[in-house]
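What follows is a short report on a single structure.
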Amino acid sequence: MNPVNSDANVYVLKPPNADAPVRPLARDYAQELNPQQLAAVEVVDGPALVIAGAGSGKTRVLVYRVARLIDSGIDPASILLLTFTRKAAQEMLGRVGLLIGPHSDRVMGGTFHSVANQLLRRYGRAIGLEPGFTILDRGDSEDLVNLLRVQVGLGETGRRFPRKRTIVEIFSKASNTLRPLDDVLLNEYAHFVDYRVELEALQKAYEATKRQRQLVDYDDLLLRLRELLAVDDPARRMISGTWRYILVDEYQDTNRLQAEVVRHLAATHENVMVVGDDSQSIYSFRGATFRNIMEFPDQFPGTRIFKLEENYRSTQSVLALANAIIEGATDKYSKTLFTHQQQGERPILVQTVGENPQSRFVVQKILELREEGVPLENMAVLFRSSFHAFDLEVELVKQGIPFLKRGGFKFIETAHVKDLVAHARIVHNPLDNVSWNRVLQLVDGVGQKRAKDLIAQLVEAEASYEVLRQGGGRSALGLCHLAEALESASQVEDASPPDQLQRLLNYYYPILKEQYDDYPKRIRDLEHLMVMAERYANLEEFLADLTLEPPETSVTEVDAPGRDERLVLSTIHSAKGLEWHCVFVLWLVDGRFPSTYAFQDEDGLEEERRLLYVAVTRAKRLLYLTFPVQVYDKITGTILSKPSRFLDDVDASLVEPLSVVEDGDAWRWQS
DNA sequence: CACCACTCCGTTTTT
DNA sequence: CGGAGTGGTG
């Protein structure tokens, strides 16, 4: 008898979560939180503001408050967690999951942009947005501006007409600060004020095209959500009825636009708690202002305010340096961090004679620490700008130290990935002229002019791929192949993203091979993209995630043979909210950190100072600040030799100087 | 009109 | 070092 077919007893697998207790185990909140944290966690209704210093348990408060709300019988699905960065969002949601278990799935959370994306897909029709809209990343926005610049008749760019990058930056600044273009130009880009009329025309065209083509840039996600909430009563009622408890992390990094969105979301119930630290406000370049924190109590009268000042992360020595750095800030909430932790070792100020010795010092020290038992993943190297780590990356590769770089140039921004994705975007949204433009120009014999004409024809023909087959000449064959590939990818029965991508890749492969000498490496990237696509049931989600939550690593990444043991290299911006046992901060040299770029105005310098504060407060125990002197700076043509001005105010007793010399070097630097 | 080879300029941080 | 603009060629 076949045992498989016999009348075996049946064991039923329950759907996940079905049986999880609605009320998790009772927690002793008073035991696990300090009095200030507890007070904040116990808020149920009404607006609240938590001013939280670095390492003071900010995320802990948010997470415990979510648990507490659920414990008190509130439906997890009525809780909404918002932050600006993906890193913070992941951290927050992950810890909620750990603390409250299965029900955390029903808590809605993510970045402002990803939440806006989801809401707009669902309710956007009310404001003329089809659910299939395409999200433009920064590069796409620049391409569109470029395209329009020609169309609007700004072909001959005057000598000093802003570059596309700058143009997009200006538009974005206007959106994020809710100001007219004029105002931004006058105050922050006065040197381009002569082009006011042209830029305004360009902006109009940019806005109009996006609406016509179902294109949405990062800022639009927020602008249009705000519009939806303001204009469409049913949607607003639905949305604010669903999420009755709103929590916002990193509030000092939100801008006026985001504050408006929060205000709208919370308009009916005012159950909104925001958490932030004015000393860690480092996103003013995109309109963030810690005034949002200051003005929150005005926006929501009756706001309860809590302050968290006990630091649980760092030793006293690290904290003393952090306090000294922020002491010099001109504008801040008064707030003094203290800790009950041990003194610990003083931060070490390392002087080297150049860039490469700096890199080699870091590498050598890392190896030493690992010998002493500090795992690689408990160490991080932080820097102001992504390229500051180039030399170090080379040294790490030489020594075979596995690392993961965060911030800077992303996988998704490489030309070949963008190319393939552009094909997929057309399949999903045939109106997307930005992608059409890119894709058409890849065809042999098609340039700017031909692409423009074809796009115009495509609109007339309601985006029928037939248009591509009608032309003659050199490009005829290429365009036919393109049409075939797009049709094939559009018509897959049971369309699955990997399958669709495969069809597009078959078409794109020869182009890739033709275009790049290093195509084998690029093919591997595209295969990686296919693997990512396997997790998605439809193109729409895949494409949206690719733009909103792209793989967090940069292109440079060395694979570790031994699982996850990896050193982290990160921009300071990308390191926010994280912590490591040992932290290296590179380039403490005037001109690099603070960057020459920030020298011009006081505000810029202040932000650099806060940035350093953020960097320093990432360290739990060990902190190395390195400064190479005698480095030639190509930008200014000068030799950088002055230690960062932020160290000027720091009392010498707070750090331990160390100078690095070559083995066998006859002379030494004085420290 | 497309494309290649050349020169010159400017160089952050994130969704 | 890459991107943008220029000028020549096919």
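Naming: A, B, ... by sequence-line order, numbering from 1 per chain.
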Ranking B:dT13, B:dT12, B:dT15 by distance to the side chain of A:Arg165, first place goes to B:dT12
| field | Pair A:Asn356, A:Glu395: side-chain N/O donor-acceptor within cut-off below 3.5 Å | value | yes
A:Gln90 atom CD is separated from B:dT14 atom C1', nearest whole Å, by 14 Å
Between A:Asp453 and A:Ser595, the residue closer to the 5' end of DNA chain B by nearest nucleotide is A:Asp453
Once base and sugar-phosphate atoms are separated, protein heavy atoms under 4.0 Å mark nucleotides 3-9 of chain B, 5' to 3', with B, S and - as S------
Whole-Å distance, A:Leu221 CG to B:dT15 P, equals 13 Å
Q. What does A:Ser114 touch in the nucleic acid at a heavy-atom separation under 4.0 angstrom: a base, only the sugar-phosphate, or nothing?
A. nothing
Per nearest nucleotide of DNA chain B, the residue lying toward the 5' end, A:His113 or A:Arg163, is A:Arg163
Please confirm whether the shortest side-chain N or O distance from A:Ser385 to OP1 or OP2 of B:dT11 is below 4.0 Å.
no
*asked:* Under 6.0 Å between ring centres: does that hold for A:Tyr283 and A:Phe285?
replied: yes
Less than 4.0 angstrom between a side-chain N/O of A:Ser574 and OP1 or OP2 of B:dT14, yes or no? yes
Residues at least two apart in sequence or cross-chain that pass side-chain contact (heavy atoms from CB on, under 4.5 Å) with A:Gln448, listed by chain then number, are A:Gln441
When we call it a touch if two heavy atoms are under 4.0 Å apart, what does A:Thr111 touch: a base, just sugar-phosphate, or nothing? sugar-phosphate
Separation of B:dT15 atom C1' from A:Asp545 atom CG, nearest Å, is 13 Å
Among the nucleotides B:dT15, B:dT14, B:dA2, whichever has the atom closest to the side chain of A:Lys449 is B:dA2
What is the nucleic acid contact for A:Lys576, judged by heavy atoms within less than 4.0 Å: base, sugar-phosphate only, or nothing? nothing
Q.
Does A:Phe285 reach a base, just sugar-phosphate, or nothing at all? Heavy atoms under 4.0 Å.
A. base
The residue among A:Asp220, A:Leu120, A:Ile127 that forms side-chain contact (heavy atoms from CB on, under 4.5 Å) with A:Glu227 is A:Ile127
I'd like to know whether A:Thr254 forms a side chain to side chain contact (heavy atoms under 4.5 Å, CB included) with A:Phe112, so could you lay out the CA-CA distance, the side-chain angles of the two residues, the decisive distance to 0.1 Å, and finally the verdict. CA-CA 9 Å; A:Thr254 59; A:Phe112 277 89; 3.8 Å; yes
Looking only at B:dT14, B:dA2, B:dT15, the nucleotide nearest the A:Arg286 side chain is B:dT14
For this session: Please determine if a side-chain N or O atom of A:Arg149 lies less than 4.0 Å away from the OP1 or OP2 oxygen of C:dA4.
Result: no
A:Phe383 atom CZ is separated from B:dT12 atom C1', nearest whole Å, by 12 Å
Would you find a donor on one side and an acceptor on the other, under 3.5 Å apart, between the side chain of A:Asn255 and the backbone of A:Gln258?
yes
To the nearest angstrom, the CG-C1' distance between A:Asn146 and C:dG5 comes to 12 Å
Requested in this report: Look only at the side chain of A:Arg149 and the backbone of A:Leu202, and say whether a donor-acceptor pair between them is shorter than 3.5 Å.
Outcome: no
Whole-Å distance, A:Lys405 NZ to B:dT14 P, equals 10 Å
Query raised in the report: Given C:dA4, is OP1 or OP2 found less than 4.0 Å from the side-chain N or O atoms of A:Lys164?
Result: yes
A:Glu413 CD to C:dG2 C1', in whole Å, measures 15 Å
Taken to the nearest whole Å, CZ/A:Arg610 to P/B:dT12 is 20 Å
Exercise for the section: Assess whether one donor atom and one acceptor atom, taken from the side chain of A:Arg138 and the base of B:dT14, lie less than 3.5 Å apart. Expected result: yes
Verdict with supporting geometry, A:Gln252 and A:Glu250, side-chain hydrogen bond (donor to acceptor under 3.5 Å, both in side chains): CA-CA 5 Å; A:Gln252 77 283 352; A:Glu250 308 280 11; 2.8 Å; yes
Out of B:dT14, B:dT12, B:dT15, minimum distance to the side chain of A:Arg384 belongs to B:dT12
